[in-house]
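Hydrogens, waters and symmetry mates play no part in the numbers below; they use all other heavy atoms, side chains included. Naming convention: chains lettered A, B, ... in sequence-line order (proteins, then strands); numbering from 1 in each chain.
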Amino acid sequence: MLRKIKPLFITFGFAVMVVMQISLFSNIFWLSFVSPLIITLVFVGVIHGFRYPILFSLAIGPIVDLFSPIFFGAITLSWLFVFWLLDKFFHKVFTNKSYYSIVTLVTFALILEFILKKIFWFFENIIRYQQFDFSIFSSASLQHIVFIIILNFIVTSLSFIVYYLFSNKFKSVLINT
Amino acid sequence: MQPSIKNSKFIIIALVSIALIFLLHFTGIIRPVENLIVTILKPAQTAAFNISFKVKNFYQQVSENRDLQAENDQLKLELNQLLIDKSKLILLEEENVFLQKQLDFSATLDHDLVSGRVIGLDRNESSRLIIIDKGKKNKVFDGYPVVVDDGYIIGKVYKAYDKHSIVKLINDHSSQLAITILNTAKTIGIAQGEFGLGVKIDLIPQNEKIDLDDIVITSGLEDNIPRGLVVGTVEEIFGADEEIFKQASIKLPIDFDKIIYISVIIPHVEEN
């Protein structure tokens with residue numbers, strides 16, 4: 001019975017996160033930099049394998065695309081590419097599931113997603129307005145990505161601590177010397 | 001550790017799936033599904049947005065003196081209304097002079113308004129976009145102006161879906177709006193958003209005199225955007241006398257962080 005309703009719980013959970021990211025966090029200054037979807041999908045990828053984030057990207061990405069100003073499919077494509085790359089990176093660089101691997105992967109995912117969104121936005125401006133708007137790659141973007149990394153690092157760390165207290169799926173690299 | 005995704009079949013299936021999703025979206029076949037998802041999510045988004053405002057207001061009330069803030073808000077409302085009245089009077093005076101010269105003048109300034117509310121935001125270092133709960137099913141289409149208080153323009157519809165729309169605010173970096181400054185020369189120009197911080201007017205001829213606090217309105221030269229919607233007032237003028245053009249920054253009377261309720265102006269289509 002639990003197996004049958006588990007997909008419903010997962011769907012509901014992700015729907016809640018989409019609503020939180022678009023409508024709740026976006027209006028509160030510091031929280032607007034937090035990406036709960038990316039953090040959750042990285043956790044899922046590290047624990048269960050990156051096939052699942054790719055599958056979830058196909059399901060959730062189009063919903064987030066509906067509320068995004070970039071052309072439809074940009075977010076889905078970004079996430080597919082990010083999680084495919086993260087899979088390669090994780091298996092080549094890391095040997096276990098630990099705090100450091102989670103934090104590094106989340107940071108890597110956010111930077112990659114940020115760059116891809118900028119590139120898609122740049123091409124959208126060319127197609128829609130015939131404008132080459134290089135200002136979207138300005139130094140203000142650098143400040144923005146730094147904020148994103150710092151705030152998501154804090155949220156990822158807190159999430160890891162909470163998850164670590166209730167699960168044995170992570171190596172205790174944080175505290176084991 | 002879980003094995004890496006080496007199976008090229010999986011990757012091919014993922015790519016084919018996404019191509020299919022794009023195709024179904026752009027041909028409109030999955031539009032009923034998209035509309036259903038938006039309809040289901042809308043109440044939750046409205047509730048979440050209300051909660052976010054309460055959280056924001058909580059912090060603001062703690063740090064600000066409530067009495068002074070209330071008095072200040074009241075005075076701002078009165079000032080904003082006076083600015084709208086003043087711009088309407090100036091336009092009425094112009095129209096009166098024009099009508100006296102044109103005996104067969106029969107233009108109307110009527111338009112319909114569709115009221116809606118903000119259900120989400122998309123904000124980064126240069127863009128300022130809001131998501132509203134009205135779309136093509138409510139006759140809202142790309143390029144339509146979005147106003148508050150029936151007189152202040154805050155942006156234009158950037159992308160309209162069936163049941164929701166994305167609105168680009170006028171202080172978004174890529175936002176451009178055809179405006180007129182209500183000075184003696186009735187200077188026309190383009191108001192350009194500046195990295196989400198403000199709005200400026202560029203390429204103002206040096207010989208055209210503009211003063212601080214001159215009202216800036218929409219010029220009506222853009223499709224679907226009527227003349228007379230208030231943008232703001234001239235806050236600062238830049239540019240040396242020897243330059244050909246000068247610039248001006250616009251003081252926006254609306255706090256874009258506090259917008260909840262909006263209206264979209266639906267232009268009347270003239271029947272021949």
Which atoms of [X] come close to chain B, meaning under 4.5 Å heavy atom to heavy atom: side chain ones, backbone ones, both, or neither?
{"X": "A:Leu80", "result": "side chain"}
{"X": "A:Ser57", "result": "neither"}
{"X": "A:Ile148", "result": "neither"}
{"X": "A:Ile70", "result": "backbone"}
{"X": "A:Leu66", "result": "both"}
{"X": "A:Pro62", "result": "side chain"}

Close approach to chain A in residues 131-146 of chain B, criterion heavy atom under 4.5 Å: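 The list, in residue order, reads B:Ile131, B:Asp142.
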
Shortest non-hydrogen contact from [X] toward [Y]:
{"X": "A:Pro53", "Y": "A:Leu41", "value": "CG-O, 3.2 Å"}
{"X": "B:Ile262", "Y": "B:Arg117", "value": "CG1-N, 4.3 Å"}
{"X": "A:Glu124", "Y": "B:Tyr158", "value": "OE2-OH, 3.0 Å"}

Taking the cut-offs as 6.0 angstrom to the six-membered ring centre and 45 degrees off its axis, would you call A:Arg51 and B:Phe10 a cation-pi pair?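 Yes.
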
Do B:Lys56's NZ or CZ and the ring of B:Phe53 fall within the cation-pi criteria of under 6.0 Å and 45°?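 Because its charged atom sits under 6.0 Å from the ring centre and within 45° of the axis, B:Lys56 does stack over B:Phe53.
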
My understanding is that only residues two or more places apart in sequence, or in another chain, count here; which of them pass side chain to side chain donor-acceptor pair (under 3.5 Å) with B:Ser115? none

Who wins among A:Gln143, A:Arg128, A:Lys92 for the most heavy-atom pairs under 4.5 Å with chain B?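 Looking at each of A:Gln143, A:Arg128, A:Lys92 in turn, A:Arg128 comes out on top.
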
Would you call the rings of A:Phe160 and A:Phe43 parallel, tilted or perpendicular if under 30° counts as parallel and over 60° as perpendicular?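 A:Phe160 vs A:Phe43 ring planes: tilted.
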
What about [X] and [Y], are their ring centers closer than 6.0 Å?
{"X": "A:His144", "Y": "A:Phe33", "value": "yes"}
{"X": "A:Trp79", "Y": "A:Phe56", "value": "no"}
{"X": "B:His164", "Y": "B:Tyr161", "value": "yes"}

What residue in B:Glu34, B:Gln176, B:Lys168 has the most heavy-atom pairs under 4.5 Å with chain A? B:Glu34

Between B:Lys156 and B:Glu222, is there a salt bridge with N-O shorter than 4.0 Å?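 A salt bridge is present here (some side-chain N lies under 4.0 Å from a carboxylate O).
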
Using heavy-atom distances under 4.5 Å, tell me whether B:Ile37 contacts chain A through its side chain, its backbone, both, or neither.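 The side chain, not the backbone.
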
Which portion of B:Asp257 sits near chain A, non-hydrogen atoms under 4.5 angstrom: backbone

